[in-house]
Amino acid sequence: MDLIMSLIGLMLALFFVSFWFSLFCGLILTFLFLLKLSFSSEILYMSCGLGVDLLSFTLVGLSLWICCLMVLASGELNKLNIYKSFFIFVVFFLLLSLTLTFMSMNMFMFYLFFEVSLIPTLILIIGWGNQPERIQAGMYLLFYTLVVSLPMMMGLFFLDFNGSSLEFYFFKDLSNLFIYMCFSMVFFIKIPMFLVHLWLPKAHVEAPISGSMILAGIMLKLGGYGLLRTMKILFNIGMKINLIFIIISLVGAVLISLVCIRQSDMKMLIAYSSVSHMGLVLASILTYNLWGSWGALGLMLAHGLSSSGLFCIANILYERTHSRSMFLNKGFINIMPSLSLWWFLFCSSNMSAPPSFNLVGEVILINSLFLYSGYMLFFTFFLVFYSGVYSLFLYSFTQHGQFYSGVFSIYQVNGREYLLLFLHWVPLNLLFLKGEFFLCWI
């Protein structure tokens, strides 16, 4: 509760403090929260219907970290003074709604803040996006989510009228197909599952860097978090029909990996790679085994940092060349050799190379799918292989080759941008040292 009150106080004071001081306040809040380590499957720090177990704790920590880095990444916005006070207000309002979403112990409160977090994300995309198509991307994001939100609200009323508790702790199995579809579809779209994923690449491409970071870092994780929380209600019916969605997710993830290989737009490639990785997470959650739940949390944390970092580094090039095309952003190893190291580090993390936390998550997820069915190894082989292919493709295409003569006028990478990349990469590659703390949340 102290964290929530601090965030509300910070939001009220934002119009009287500077851009960078608000970032400093956000980082102080983050470190104060991380001091309250909650490596437990029990719900702790209960107050006013809010509480954290390990699953909530890690995702709230990730939300705080990514939202602070969003402010750090938006230096150009501060320099050009594009409604910067309102931007900071929107970022911290989004952080407040995400924190309340992850800390809510009541399903209706979770649903309410889950939907509220959509509004600031929409404002970020439409308000600070670069292209006129941002309006269409915002509408895609809004309507994909809202179409399935109404059935979920009906499902919650159905639960309440039938005498079931809406508290996460007191859920019981219902074996009801209607409830399964009402609850699951909203999370399938949010994660997003193949066939209902088209809103994500559009939203990523049209969003400013802060919008891309929050979409890749946190918003996709809301789907996985919701599925893990509602597993108790859907268990029996899920055991019968989950195979359909597991196959759709894995086949879709392989197809999306193939789509990545033929992209010429850097942001589009990174956005589609997110869909591919989250397809693996979704399939593993739906296996309903212990390894799947552990690995899902691990890969969600790792993907939140690595994907957000890749969007940041792609944005560093975009701010200089004003193009996302890989045909224009070539040969940067000759012009910015120090940035090439960061490209390599983030691309290797994206393809789950050691020592990144992605490797830990993916190994556990592959185990969970193998335990579910040996045939799943066929799909995971292609997934892991193509993950390496498109990550190497992105790195080699941007760093090698003949560079465009227009890039001679660009300015070098500054300290703020190096700090931004450092703060993404270091947690991502140090988490594996104590991976069992972050995985064994059940």
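Just so it is clear, the structure is predicted and the values come from calculations on it, not from any experiment.
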(message) Is it the case that the ring center of F171 lies less than 6.0 angstrom away from the ring center of F168?
(response) yes
(request) Answer yes if the ring centres of F33 and F57 are under 6.0 angstrom apart, and no otherwise. (result) yes
[atom1] ([X]) with more than 12 external heavy atoms under 6.0 Å:
| X | atom1 | value |
| --- | --- | --- |
| Q402 | CD | no |
| Y418 | OH | yes |
| F344 | CZ | no |
| Y318 | OH | yes |

Would you call the rings of [X] and [Y] parallel, tilted or perpendicular, where under 30° means parallel and over 60° means perpendicular?
| X | Y | result |
| --- | --- | --- |
| H277 | H303 | tilted |
| F108 | F157 | parallel |
| F89 | F86 | parallel |

Quick one: pull up [atom1] in [X] and [atom2] in [Y] and give me the separation to the nearest 0.5 Å.
| X | Y | atom1 | atom2 | answer |
| --- | --- | --- | --- | --- |
| I191 | F187 | CD1 | CZ | 10.0 Å |
| M152 | I189 | CE | CD1 | 12.5 Å |
| H400 | K330 | NE2 | NZ | 10.5 Å |
| N81 | K79 | CG | NZ | 13.0 Å |
| I313 | M266 | CD1 | CE | 10.0 Å |
| S284 | W294 | OG | CH2 | 14.0 Å |

Which atom of [X] lies closest to which atom of [Y], heavy atoms considered:
| X | Y | answer |
| --- | --- | --- |
| A216 | F311 | CB-CE1, 3.8 Å |
| I125 | G138 | CG2-N, 4.4 Å |
| F346 | S306 | CD2-O, 4.1 Å |
| V52 | M103 | CG1-CG, 3.8 Å |
| L72 | R416 | O-NH1, 2.8 Å |
| W425 | S349 | NE1-OG, 3.9 Å |

Is there a side-chain contact between [X] and [Y], using heavy atoms and a 4.5 Å cut-off?
| X | Y | value |
| --- | --- | --- |
| L282 | F188 | yes |
| F102 | L62 | no |
| Y111 | L166 | no |
| F403 | T321 | no |
| L250 | V254 | no |
| L339 | L317 | yes |
| M326 | L269 | yes |
| F19 | I88 | yes |

(request) Assess K190 against F110: is NZ or CZ under 6.0 Å from the centre of the six-membered ring, and within 45 degrees of the ring's axis? (result) no
Does the [X] side chain pair with the main chain of [Y], one donor and one acceptor, at a distance under 3.5 Å?
| X | Y | result |
| --- | --- | --- |
| S274 | I270 | yes |
| S307 | G304 | no |
| W128 | I82 | yes |
| K267 | H204 | yes |
| S348 | L345 | yes |
| R134 | I126 | yes |
| S117 | L94 | no |
| T58 | L55 | yes |
| S356 | A353 | yes |
| W65 | L423 | yes |

(request) Decide whether T101 and Y225 meet the rule of one side-chain donor and one side-chain acceptor closer than 3.5 Å. (result) no
(message) Side chains of S104 and R229: any donor to acceptor distance under 3.5 Å?
(response) no
(message) Tell me whether R320 is salt-bridged to E417, with the criterion being a basic N under 4.0 Å from an acidic carboxylate O.
(response) yes
(request) Start with the C-alpha gap between L98 and I214, add the side-chain angles, then the distance that decides, and say whether side chain to side chain contact (heavy atoms under 4.5 Å, CB included) holds. (result) CA-CA 10 Å; L98 287 170; I214 199 68; 3.9 Å; yes
(message) Walk me through whether L95 and M70 qualify under side chain to side chain contact (heavy atoms under 4.5 Å, CB included).
(response) CA-CA 11 Å; L95 174 57; M70 282 164 65; over 6 Å; no
(request) Start with the C-alpha gap between N350 and Y390, add the side-chain angles, then the distance that decides, and say whether side chain to side chain contact (heavy atoms under 4.5 Å, CB included) holds. (result) CA-CA 10 Å; N350 197 46; Y390 62 67; 3.8 Å; yes
(message) For S387, give me all partners under side chain to side chain donor-acceptor pair (under 3.5 Å), at least two apart in sequence or on another chain.
(response) none
(request) Please assess V116 against F93 for the test side chain to side chain contact (heavy atoms under 4.5 Å, CB included), listing each intermediate value before the final yes or no. (result) CA-CA 10 Å; V116 165; F93 180 70; 4.0 Å; yes
